Structure formats: structure tokens, C-alpha cells
Amino acid sequence: MDTGFEGLAFSPADILLPRDCEYSKWAVVACDQYTSQPEYWLRVESLVGSAPSALRLILPESCLDGPNVETDIMEINNTMTRYLRESRFKELPDALVYVERMQSNGKVRKGIVGKVDLEEYDYEPGSGSAVRATEGTVMSRIPPRVAVRKNAPIELPHVMLLCDDPQKTVIEPLSQRKDKMTILYDFDLMEGGGHVAGWLVDAEGAAQVARALKALNTPEEFQTRYGLKEKAPVLQFAVGDGNHSLATAKECYERQKRLSSPDKWGELPARYALCELVDLHDDALEFEPIHRVVFNVREKDLRAAVLQAFPGAYEGEGEGHVLCWVSADGQGAITVPHPKQELAVGTLQTFLDAYTTDHGGSIDYIHGADVARELGVRPGNIAFLLPPMEKEQLFPAVIHDGVLPRKTFSMGEAQDKRFYLEGRKIR
């Protein structure tokens with residue numbers, strides 16, 4: 001298939017789809033969700049039972065610190081190998097999959113599954129690569145994920161790339177071609193995850209995607225769109241979800257590069273990572289704040305420390321960054337006037353990192369205000385509820401200021417995150 005993706009960091013991939021199984025039991029939500037709600041994963045375990053499932057091919061992050069993590073990883077790799085041996089997958093060579101995901105709110109998010117070139121991705125702040133992280137990468141989160149991926153024969157990623165396409169020229173036209181494309185799956189997702197359907201993109205559709213992406217990413221268009229006075233490296237795609245998973249894939253690829261001659265790097269399956277491309281301007285794509293819950297602290301002392309940490313900070317809402325909190329003592333707000341950070345999340349995160357280092361306690365990042373409140377009111381905890389950012393700010397912020405504070409935003413609620421379905425061989 002001559003699709004014309006040369007020069008782009010995103011392109012068709014050899015995609016694996018499960019077969020001879022019940023898709024509603026196969027597909028499970030991204031492993032970094034519900035980390036403080038083990039009961040969610042217990043329900044999934046009960047629902048899946050002994051059926052073939054992606055649950056057997058991933059390690060929920062709530063289990064990363066478990067006592068049997070090494071055994072769990074070995075079992076995952078063995079199951080991957082067994083599924084391949086049993087021909088559990090069918091392969092779609094050199095393919096793109098057009099996806100329509102009906103979210104729990106009834107809105108439909110559109111995307112394209114393909115692969116991203118890890119040579120074109122860099123998560124370092126201030127990078128000029130074609131694919132960039134949108135928020136800070138926590139390096140301590142990479143090694144345990146490398147342990148899961150380094151010997152895995154396949155990947156089932158939840159990475160979502162974003163393109164900044166306000167005229168909707170890249171993905172939206174595929175929705176008008178569904179009657180010309182082969183449908184691959186169409187089913188309800190578990191645990192209130194909504195519905196998902198996927199179509200194999202035909203050659204004409206793939207060529208249209210490539211043309212639109214190239215037109216969107218010329219140096220001249222890039223400079224004009226973002227009001228740049230000087231030419232700058234083109235940002236083709238920003239990582240909207242799964243940056244740590246993509247950083248893990250990058251690290252595994254770099255390890256393989258060290259064992260191969262440069263002329264062989266292009267042939268390494270690990271050079272690429274499967275992902276879903278979504279338009280930042282998709283009507284269903286909503287940026288949700290990621291709230292903070294601090295565990296095992298004296299919440300009154302923590303609130304007092306906030307007031308002491310920032311000159312002029314006071315209780316109540318006013319001009320500046322407003323940090324709304326919920327705890328067993330009730331709820332309230334602290335205002336930090338004249339903040340040094342651009343976003344409230346940056347002000348709060350800087351404080352919490354320093355406070356937990358000095359006084360103990362742990363921070364979790366929670367999708368959904370209701371869950372954050374529920375956790376915050378438990379004795380010894382405090383939740384901070386953060387406001388959303390405007391998604392139109394994302395690309396300009398990454399271009400001009402580098403990465404945002406880690407866990408600044410989430411693309412939708414936890415149940416609307418990408419579910420594992422498509423896969424790809426990486427060894």
C-alpha cells in the first residue's frame with residue numbers, strides 16, 4: 001500500500017487483533033487507571049474469569065509494588081507467548097484502524113490506530129522533536145514499566161497522540177467512508193466504558209490521511225499557525241495520554257539500539273510503538289483536571305504549611321491560584337496571590353512534592369472529582385480539586401514553554417480512557 005507517509009512520525013502498522021474470543025471480555029481499560037481502587041480490578045478479574053483477555057497481558061499499576069510483581073511479569077510474558085503460539089491473534093499488515101469510541105457521556109471520539117516512530121519522539125523538556133511530551137516525565141516511573149516491557153513479545157498500548165487540526169482534515173473525513181471500509185469490531189466495553197467500533201482503513205482513506213497530515217505540518221503552516229517569528233522545528237504530534245508508556249517504549253528501543261549496528265535500527269520492531277491518533281479539536285475530547293489526594297498526613301498541618309509556603313496566601317477564594325480542598329474536617333480553599341507558576345496545578349505540585357519529601361505521606365493522581373472527594377474525606381487524607389485547562393492552550397504551551405507540570409490534565413474520565421484491544425509484535 002503506497003500511502004505516502006514518508007516524513008511523518010505516524011504511519012500504518014502490522015496490527016494484531018484477537019480472534020475466537022469475546023471482545024467485551026478481552027478489552028480492558030488502561031493499566032494506569034483506578035490505582036487507588038483495587039475493587040475495580042477485582043470486578044474485572046471476576047468478569048473475565050478464565051476467558052482470553054488483555055487482562056492477562058498487562059500489569060495494573062496498582063500491582064507494581066506488589067510482593068509477587070516479578071512472578072506476575074513472567075506470567076504475562078508467558079501468556080503472550082502462548083497466545084501467539086495458539087494463533088490467538090490475526091494480523092492486519094501495513095494497516096490503519098479507524099476507531100469510533102462512544103464515551104460514557106454518549107459523545108463519540110474518533111481516532112486512527114497506527115504506529116509512532118520513536119526516533120521522532122523525545123520527552124525531555126524543551127525538545128524540538130516531531131513528537132513531544134505534554135507534561136513532565138517522572139523518571140522513577142520508567143524502570144518498573146521497562147521490567148514489564150523489555151522481554152514482552154507484543155505490546156498492547158494505551159498511548160494517544162494528538163494532532164492540532166482545527167479544520168478537521170485528517171480524521172473526520174474517514175467517518176464519511178465507513179461504508180467503503182471493512183468493519184473489524186463493534187461491541188460494548190465493560191464497567192461503563194461505553195462502546196467501540198473499528199474499521200480497516202482502505203488505501204484511498206490512508207492516502208487522504210497522509211496528505212492531510214503533511215499539509216498540516218509544513219514549516220510554513222506551522223510558523224503561521226502558532227505566530228512564530230522565526231522558523232522552529234515542527235511539532236507534528238503531542239502525547240495526550242500514556243506518556244510514561246511511550247517513554248518506556250523509547251527506553252526499551254534505546255537499549256536494543258545499543259546492541260545493534262546503526263544500519264539495523266530501522267529494522268527493529270521496537271523502534272515503533274502502537275498508538276491512537278486523535279484530533280485535539282474532536283468535539284468529544286474534553287480536558288479534565290487530574291486531582292491530587294495526599295494520604296497519611298496531618299491535614300491541618302498540611303494546610304497550615306500551604307499558607308506559610310506562599311507569601312500572602314490566605315484562606316478563601318480570591319485573585320490568584322485557588323486551591324480547593326476536601327478532608328474529614330470539611331472543605332475550603334486557599335488562594336495563592338501572584339503565583340510564580342502559570343497554572344494552579346504547578347503551584348500545588350511544587351508544594352506537595354516538597355511537603356511529602358519533608359513530612360512523609362504519599363500523593364495519588366485521581367481522575368474524577370467524586371472519587372477524589374470520597375478519598376479526601378477519609379481520616380489522614382486530604383484532596384485538592386483542580387480546575388480544567390483549555391485544550392486550545394496545549395500545543396502553544398508545549399511549543400513556547402516546554403512541558404507542563406506532570407499530571408496537569410486528563411483526556412476524559414477514567415472509564416473513557418483507551419481500552420486495550422489492538423496489539424503489535426515488538427520482538
Side-chain angles (χ1 to χ4, degrees), residues 4-11 112 116-137 159-173 208-243 246-247 250 275 277-283 285-287 289 319-321 336-347 349-350 386-411:
F5 282 84
E6 299 82 2
L8 292 169
F10 178 83
S11 62
I112 306 173
V116 59
D117 186 350
L118 295 173
E119 281 287 349
E120 302 293 337
Y121 162 68
D122 189 354
Y123 52 77
E124 292 294 335
S127 166
S129 60
V131 184
R132 304 175 204 173
T134 54
E135 55 187 26
T137 301
V159 175
M160 292 178 66
L161 291 188
L162 298 175
C163 60
D164 190 2
D165 182 23
Q167 302 304 317
K168 300 181 179 178
T169 62
V170 177
I171 301 172
E172 192 74 25
Q208 174 271 315
V209 169
R211 287 194 301 269
L213 283 174
K214 286 186 173 181
L216 197 63
N217 289 293
T218 66
E220 296 76 17
E221 169 64 21
F222 180 76
Q223 188 172 354
T224 300
R225 192 186 330 153
Y226 300 111
L228 304 176
K229 295 180 180 179
E230 299 179 356
K231 286 188 177 180
V234 174
L235 170 58
Q236 294 183 16
F237 309 106
V239 183
D241 242 351
N243 182 66
L246 201 58
K250 175 79 168 180
C275 62
L277 178 64
V278 177
D279 180 15
L280 177 67
H281 301 275
D282 189 302
D283 295 337
L285 188 64
E286 298 176 353
F287 277 14
E319 290 292 327
H321 286 169
V336 177
H338 313 297
K340 295 181 180 179
Q341 305 280 346
E342 287 293 321
L343 301 172
V345 63
T347 296
Q349 190 66 50
T350 300
L386 290 160
M389 68 173 285
E390 297 296 326
K391 62 183 182 180
E392 290 78 7
Q393 298 175 291
L394 182 62
F395 271 64
V398 172
I399 293 166
H400 291 285
D401 301 329
V403 297
L404 302 170
R406 74 178 185 272
K407 297 290 186 180
T408 295
F409 66 92
S410 169
M411 298 194 307

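These numbers were taken from a predicted model, which means no experiment stands behind them. All values below come from the heavy atoms of this structure, side chains included, with hydrogens, waters and symmetry mates left out.
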Considering non-hydrogen atoms only, spot the tightest contact between [X] and [Y] and give its length.
| X | Y | answer |
| --- | --- | --- |
| L246 | V239 | CD2-CG2, 3.8 Å |
| I171 | D279 | CD1-N, 3.5 Å |
| T347 | H321 | OG1-ND1, 2.7 Å |
| K250 | L118 | NZ-O, 2.7 Å |
| K229 | Q223 | O-NE2, 3.6 Å |
| P173 | K168 | CD-O, 3.6 Å |

Ignoring hydrogens and angles, tell me if any N or O in the side chain of [X] forms a donor-acceptor pair with the backbone of [Y] under 3.5 Å.
| X | Y | result |
| --- | --- | --- |
| Q349 | G346 | no |
| D117 | A9 | no |
| Q208 | T169 | yes |
| K214 | L8 | no |

Hey, could you give me the [atom1]/[atom2] distance between [X] and [Y], rounded to the nearest 0.5 Å?
| X | Y | atom1 | atom2 | value |
| --- | --- | --- | --- | --- |
| L285 | L162 | CG | CG | 6.5 Å |
| R225 | D165 | CZ | CG | 8.0 Å |
| F395 | L280 | CZ | CG | 6.0 Å |
| M160 | F237 | CE | CZ | 13.5 Å |

With a 4.5 Å limit on heavy-atom distance, are the side chains of [X] and [Y] in contact?
| X | Y | result |
| --- | --- | --- |
| T408 | M389 | yes |
| P289 | P388 | yes |
| V116 | V159 | no |
| L277 | C163 | yes |
| V278 | L161 | no |
| N243 | Y121 | yes |
| V403 | Y123 | no |
| E392 | D164 | no |

Item to check | Which residues share a ring-ring contact (aromatic ring centres under 6.0 Å, His included) with F287, sequence neighbours left out | outcome: F409
Next on the checklist: Tell me if the CD atom of E220 is crowded by more than 12 foreign heavy atoms within 6.0 Å.
Outcome noted: yes
Checklist entry - Would you find more than 12 non-hydrogen atoms of other residues, nucleotides or ligands less than 6.0 Å from Q167 atom CD? => result no
Item to check | Stepwise side chain to side chain contact (heavy atoms under 4.5 Å, CB included) check, F222 with L216 | outcome: CA-CA 7 Å; F222 180 76; L216 197 63; over 6 Å; no
I'd like a table of donor-acceptor pairs (distance under 3.5 Å, sequence neighbours excluded) in which one partner is a side-chain atom from residues 124-133, with atom names and distances.
unit_1	atom_1	unit_2	atom_2	d
S127	OG	S129	N	3.0
S127	OG	S129	OG	2.9
S129	OG	D122	N	3.4
S129	OG	V131	O	2.7
R132	NE	S127	O	3.4
R132	NE	S129	O	2.6
R132	NH2	S129	O	3.4
R132	NH2	P233	O	2.9

Next on the checklist: Is there a side chain to side chain contact (heavy atoms under 4.5 Å, CB included) between E286 and M411? Walk through the geometry before answering.
Outcome noted: CA-CA 6 Å; E286 298 176 353; M411 298 194 307; over 6 Å; no
